[in-house]
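Here the structure comes first, spelled out in structure tokens, and everything after it is commentary.
In what follows, chains carry the letters A, B, and so on, assigned in the order in which the sequence lines appear, proteins first and then strands, with residues in each chain numbered from 1. No hydrogens, no waters, no symmetry mates; every other heavy atom, side chains included, goes into these values.
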Amino acid sequence: MANSLVVEDFSLRHTLECGQFFRWNRASEDVYEVQRKDVSFRVWQEGGRLYFTDVSAGFVKQFFSLDHDLPAITRAIDRDPWMHAAIRRYWGLRILRQDPWECTAAFVTSIASNIPRITRNIEDMTGAFGIGRQFPLPEELGSEQRLRALRLGFRAKYLVDAARLAGAGLLEDIESMSERDGRDALMVIPGVAEKVADCVLLYAYGRLGAFPVDTWIRKVMRQIYFEGRRASDERIRHFASHYFGRYAGYAQQYLYVYSREHWDEIAAKSVPKSDTAVIRDLASKVMTTRVLARAQRP
DNA sequence: GGCCAGGTCCAAT
DNA sequence: ATTGGACATGGC
């Protein structure tokens, strides 16, 4: 027996398949089977109606962030033709509210990997150590040796450390911390540095300003906003937070999926013509801010 | 067959 | 502060 919900500005497909989340599969052409912690449910969308089994409407609203004001968010980040195209192409994509431990484990697993393999690694860990279909709790995750046997490679050691610290409660206080402090707390975990920490902040803690810089984002940001020149991850993040504002994380996600589908086009056209001046202006403001900050330092 | 993948860590500039 | 190599495994 399925329940349903009227949804606006939401695409189940784009939300699940954009690379932010790995614990789903297709039960059929339109039906997704989704696992989040101890919850396993089916979900499908028919136009403006979302159908689901085994979970409450409240859970669905929360998990899919149906409370986010997507029109306002996309209006805020819609600063140039590339972002505009990305938003149009993936209209309805929302940042999920994942479980912090699962999200941390998933993005530690993602290090120097690829989506099919990450998905398989997570399934393997669930099958080997989880109870039922639940991803193993921190206390249930196997030893480094057993994780290596599951082909986690050098990530095995990181996962063991992450489980130990998560089991000790590291992830529980982050909700109430500032973004900066939460990031620092996450980075205490060996195997969690800037990129993975930003993924967890964005995908699990709803810190929509977090801007994970991975190889794709680095490539596309340099191409579009830095005239093809190198820029450190720090500069990219700094630029993004000024340029896109408090919803920069959403911009990151749209850019991520869009660039993977349209890279050739981006590489060919480079800087968005109509907004080159705006970008240059902002980039110089960012530089000025940095210089001033440096000058004021004792 | 070498190169790179939703990186991180460590050591050497 | 920035840069290069190691780290496991897999897909092209």
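- When the nucleotides B/dG7, C/dT3, C/dG10 are ranked by their closest atom to the side chain of A/A112, B/dG7 comes out on top.
- When the P atom of C/dA1 is taken as reference, atom CD1 of A/I236 falls 18 Å away, rounded to whole Å.
- When ring centroids are compared, A/Y243 and A/F239 come within the 6.0 Å threshold.
- Where A/V192 and A/Q252 each meet DNA chain B at their nearest nucleotide, the meeting point lying more 5' is that of A/Q252.
- For the pair A/I122 CD1 and B/dG6 C1', the interatomic distance rounds to 12 Å; values are reported in whole Å.
- Taking the side chain of A/N114 as heavy atoms from C-beta on, and the options B/dT8, B/dG6, B/dG7, the nearest nucleotide is B/dG6.
- Looking at heavy-atom distances under 4.0 Å, A/V196 makes contact with sugar-phosphate atoms alone, never a base.
- Straight-line distance between the P atoms of C/dC7 and B/dG1: roughly 23 Å, to the nearest whole Å.
- Side-chain proximity of A/I115 to the nucleotides C/dA8, C/dG11, B/dG6 is greatest for B/dG6.
- Nearest to the side-chain atoms of A/Y158 among the listed nucleotides B/dG6, C/dA8, B/dT8 stands B/dT8.
- With a 6.0 Å radius and a threshold of 12 heavy atoms from other residues, nucleotides or ligands, A/K219 has its NZ atom above the threshold.
- Residue A/K157 contributes atom NZ, which lies 17 Å from atom C1' of B/dG7 at whole-angstrom precision.
- The ring of A/Y256 lies on top of the base of B/dG6, close enough and flat enough: under 5.5 Å between centres, under 30° between planes.
- Among the nucleotides B/dG6, C/dT3, B/dC9, the one closest to the side chain of A/W216 is B/dG6.
- You'll find the side chain of A/D198 stays beyond 4.5 Å of the side chain of A/V213, heavy atoms only.
- The stretch residues 159-168 of chain A has no heavy atom under 4.0 Å from DNA chain B, so no residue of it qualifies as close.
- Taking the six-membered ring for Trp and the full ring otherwise, A/F41 and A/F59 have centroids separated by under 6.0 Å.
- In this structure, A/G191 reaches the sugar-phosphate backbone alone: every heavy-atom distance under 4.0 Å involves primed, P, OP1 or OP2 atoms, never a base.
- Atom-to-atom, NZ of A/K219 to C1' of B/dC3 comes out at 13 Å; the value is rounded to the nearest Å.
- Comparing B/dG6, B/dC9, C/dA8 by their closest approach to the side chain of A/R155 singles out C/dA8.
- Rounded to the nearest Å, the gap between the P atom of C/dT3 and that of B/dG6 is 23 Å.
- Minimum interatomic distance between A/W91 and A/H14 (heavy atoms only, all atoms of both residues): O-ND1, 3.3 Å.
- Distance, A/L152 CG to C/dG10 C1': 13 Å, rounded to whole Å.
- In terms of heavy atoms, A/R94 sits closest to A/Y250 at CA-OH, 3.4 Å.
- Using a 4.5 Å heavy-atom threshold, the side chains of A/D233 and A/K195 count as separate.
- Between the CZ atom of A/R148 and the P atom of C/dG10 there is a distance of 13 Å, rounded to whole Å.
- With rounding to whole Å, A/D233 atom CG is found 15 Å from B/dG6 atom P.
- Distance from the side chain of A/R120 is smallest to C/dG11 among B/dC9, C/dT9, C/dG11.
- A/S113 has no side-chain polar atom (N or O) that falls below the 4.0 Å cut-off from OP1 or OP2 of C/dG10.
- Residue A/R146 qualifies as open at atom CZ: its count of foreign heavy atoms under 6.0 Å is 12 or below.
- Projected onto DNA chain B by closest heavy-atom contact, A/S110 and A/M187 fall at different nucleotides, the more 5' of which corresponds to A/S110.
- As judged by a 4.0 angstrom heavy-atom cut-off over every strand, A/F21 is placed among residues making no nucleic acid contact.
- Ranking C/dG10, C/dC7, B/dT8 by closeness to the A/I111 side chain, first place goes to B/dT8.
- The A/K195 side chain lies nearest to B/dG6 when the options are C/dA8, C/dT3, B/dG6.
- A ring-centre distance under 6.0 Å is not found for A/F135 and A/F22.
- Distances shorter than 4.0 Å separate some side-chain N or O of A/R260 from OP1 or OP2 on B/dG6.
- Within the 4.0 angstrom heavy-atom criterion, base atoms lie near A/P212.
- Whole-Å rounding puts the A/E234 CD to B/dT8 P distance at 13 Å.
- Between A/R117 and C/dC12, a side-chain N or O to OP1/OP2 separation shorter than 4.0 Å is absent.
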